[in-house]
Every structure is written in C-alpha cells, then in structure tokens.
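Below is one structure, written out as structure tokens, with a few remarks after it.
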Amino acid sequence: MAGDAGNAGGPGDAGDAGDAGANVIHADLDAFYASVEQLLDPALRDRPIAVGGGVVLAASYQARAFGVGAGMPAWRARSLCPELVIVNGHFREYQHLGDAVMDVFSCFTPSVERISIDEAFLDVSGASRLFGAPTSIALEIRRRVREEIGLPLSVGVAQSKHLAKVASQVAKPDGMVVVAPGHEEEFLHDLPVSLIWGVGPATAARLASAGIHTVGQLAAVPDGFARHLVGERAGQKMAALANNVDPRKVGPARPASSMGAQAALGRQRATPELVRSTLGYLADRVASRMRAAKCAARTVTVRVRFPGLRSVTRSVTMPMPIDTTLTLTEVAGELAWTAISQERQIELSLLAISASHLVAHSVQLALPFAGGPPAPKVAARSQIDRAVDAARARFGRQAVGYAAVVFSSTPSVPEEFRELAERHAERAIDQSRAT
DNA sequence: TCTGGGGTCCTAGGACCC
DNA sequence: TCTGGGGTCCTAGGACCC
C-alpha cells in the first residue's frame, strides 16, 4: 500500500503484516456535496467553495482551510474566506452519484450497510477468495470510485465498525488507514476523545475539565469514572469504545422509529396564519410519508424555536394512531399554541413536527378515538388524503394540495434538499407491529 | 447579519399499577 | 395506619450523528 496515503502513518502502514480479522471497511466520500460540484464544474476545482444558500451545507477542503464549515451562516463564511464561491446544490446529482458509489461497494460484498448518502460500512470477511485481502479491496474501491465516478473517497480498515470509522476520519482527505490486528490500542492511544463515536462538544468539554483529552487517557480512568462524568449509558458506551470493545456487526439498519419535518422561519411574528400554514405544510409532508410507508403515529411532537435559538417541545400520545394530514395539522396546532402561549413569545424562528410510536398498518385507518375528530370526519379526511395521494402519484407532488396548506413564506431550502434528506431517512417500518 | 433538515438515544420526574 | 420496591408509560429536554 505504498504511497496510497501520506497520512496513513503509524500502525496503519502495516497493511501487509497480515490483516486477518480486520474485515470491516468504513468508506466515506470527502466533502461530498462540494466534491460533486467540483466534479460537475471544472472551474470550481481546487477552489474554496461552499454549497448552500443562507447557510453552508458543505464546504470544500480548500474552504475548510479558511475555517469555513457546515452549518455556518453564509455571511460569516464569506468574511472568513472572501474568495469563497457559494453554489446552489445539485441535490438530484448527489443522490445519483451516492447511489453509484454504493453500487461499486456492492461489487465486492453483499454486506454493505449504508449509513448516509455518502458513507457506508462493508464487511469483507467473505470476499477475500474473490478479491483478496481487505486492504487490497479497500485500495481497489478507492481506485474505482476515483476513476469511474470521479470522487475522492477515504477508507478505514479495521476489526470493528468503530475502529474502521475512526480510521477513515484519520485518513481524510482522500486517504486510507489500516489498523492492523494487535495494534488497536496503539492506534487509538493518542487520538483526541472527540473522535470517539458519541463524544460531541459537550462531552468533550466535560472530559477536558477532568483532564481527559486523549482516548488513551479515557481508557485508563477507573471503571465508573466515565459514567459519573457523563451519565450511566453514555459513560458505558464511551468507555467500551475507548477500550476498543465494539460488538456491533455490519448489517441492515433497523426500521425507522420516527418521521418528521421542520421549517426555519427566520424571524416572524407568531400569527395564527403563519402557524397554521407552516404546520399544514409540515403535516402534509409527514403524513403523506407515513401513508406511503403504510404506517401511522401515536405520538406527535412539536418543536417551537424562538429567536435566540431557545426551543421547547410539546408532545402528546394518543390512544389510536393517526396518519391523516388534517388531523395531524390540528394536533400539532394545539401543541404549538400551548408552547407559544406558555412561553409568552411573540416571534418564532422554527416550527417542527415529528411523528413517533409508529405503527404499521395494512388497511386504511379511519378509526375515531376519544378526544379526536368524530367518526364521519375521520372517514372523510381519510378519503381526501387518498384522493390527494392518488393524484400526486399520477401528476406529481405539486399538482394538488390542501388549500389551507400552501406554504406562504419562502421555503428556507430547496424542495430537492428536503427530498434528498427524506429519501435518505426512508427505512422500512417494522411490519410486525401491525395494528 | 446567529444557523439547515433528517434522524437516534438517554435522562429524569411523575403517574400509575402490582 | 404507615410503609416498601419494581416496572412501564408519558413528557420535556439535551446531546449527538449525517
């Protein structure tokens, strides 16, 4: 593996020292959205670019060198990097190219666990007879993705998912790191704790206040100390990963347990019209997805964010699941107004609806329940939904909607971006929980 | 001119039941 | 009369991930 990655130093270079047991590959496309834009428009190559509108969704490595990162307001990104080029995303291209990369992975093993549009775990333990050692497979995958698709891909090869993931992060950008069996502790020892899966800014700060900065330091603290510091379960998991204990296997994702939608509003007065139209739009998205997935929700949660980023949630669990757009709109509306009036706020910056306690159902739900709409209304709404779903299936989503549900304000992000994110969240609902 | 949209998991208190 | 423990569900908030 000579010369494949300049940053694959340390134990990772022992690629031919026998990586029997290092059968997990984590493959992660670098700065995915930005790399696609640079692929589509050669004029953007080697330049600092960001994908987004008012906010940066992704930044090229040339832009990251200036401190530009995802989630940053565009004005701030420009001030950090005056020559930054901000482009609108080609969200449908992202889906196509992400799928094409996954197809390359599938050429080497059927065991591909896609965890986002641009990232997957591969178990290649059964692939060596056909394709050689995991290290050779990883090299070949990188080569093919680069030559056939044109995108840079970083890979980590190790015994466990966690270690493979850490390795691919260390390998970025456009590199490969192999953690040879027997060298795991050595590899992890000096890395910052923030590379551990599940250790974010808050946990890292708490650990730092206790003098813990590296994975080695975390692994060395007495049993129970981590749990005292960050809580029972989080502490357990964190300590296990620091000690390289990770029993997770590469496999299919579990069924979705919730579905939601949100809309940032900038800063607007909390008028009944605004709340009604925004929640109507969001409920339409969520409810139609539920119906398409043949499921319904017992719990509805509304999140309301106010200027200053403070947010509150209100939720309710109903005796019967719902999947009707208008009923979801009404339930969400009551929750939202409860929160807005309790908080005595007059302006909003975001509204969100989430549906959980999802229950699979094969027949159309039209069951009334105490406190819900009366039976004839439920049946009528169900019919309306079915008609709308059918019309959309034939003529497209924009063809028909609910009069009161037209999203009045300018959408904060393009429709294609929402669709990309939704499609990515699509996972089968557990049909064993059918009503 | 202070922030996108999609998710998961955990904690803690209270209600309720046995 | 006062008192005990355990389990489950619901709600609100927070941390984290892509």
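The figures that follow rest on heavy atoms only: side chains count, while hydrogens, waters and symmetry mates do not.
Side-chain proximity of A:Ala202 to B:dG5, C:dA15, C:dC18: nearest is C:dA15. Nearest nucleotide to the side chain of A:Thr203, out of B:dG4, C:dA15, B:dG6: C:dA15. Listed candidates were B:dG6, C:dC18, B:dG4. Nearest to the side chain of A:Trp197 is C:dC18.
Under 3.5 Å, the side chains of A:His26 and A:Glu119 contain a donor-acceptor pair of N or O atoms. At a cut-off of 3.5 Å, with distance as the only test, a side-chain donor of A:Thr317 or A:Thr299 sits close to an acceptor on the other residue.
Across all strands shown, C:dC10 is found opposite B:dG13 as a Watson-Crick or G-U wobble partner, with both distances under 3.5 Å. Base pairing annotation: B:dC18 forms a Watson-Crick or G-U wobble pair with C:dG5, both donor-acceptor distances under 3.5 Å.
Residue A:Arg314 has a polar side-chain atom (N or O) positioned under 4.0 Å from OP1 or OP2 of C:dG13. Side-chain N/O atoms of A:His424 include none lying less than 4.0 angstrom from OP1 or OP2 on B:dG5.
Screening residues 332-343 of chain A for side chain to side chain donor-acceptor pair (under 3.5 Å) gives A:Arg310-A:Glu343, A:Arg314-A:Gln342 as the qualifying pairs, with residues at least two apart or on separate chains.
When heavy atoms are screened at a 4.0 angstrom cut-off, A:Ala261 is found touching the sugar-phosphate backbone but no base atom.
For the pair A:Leu309 and A:Ser258, both in contact range of DNA chain B, the more 5′-proximal nearest nucleotide belongs to A:Leu309.
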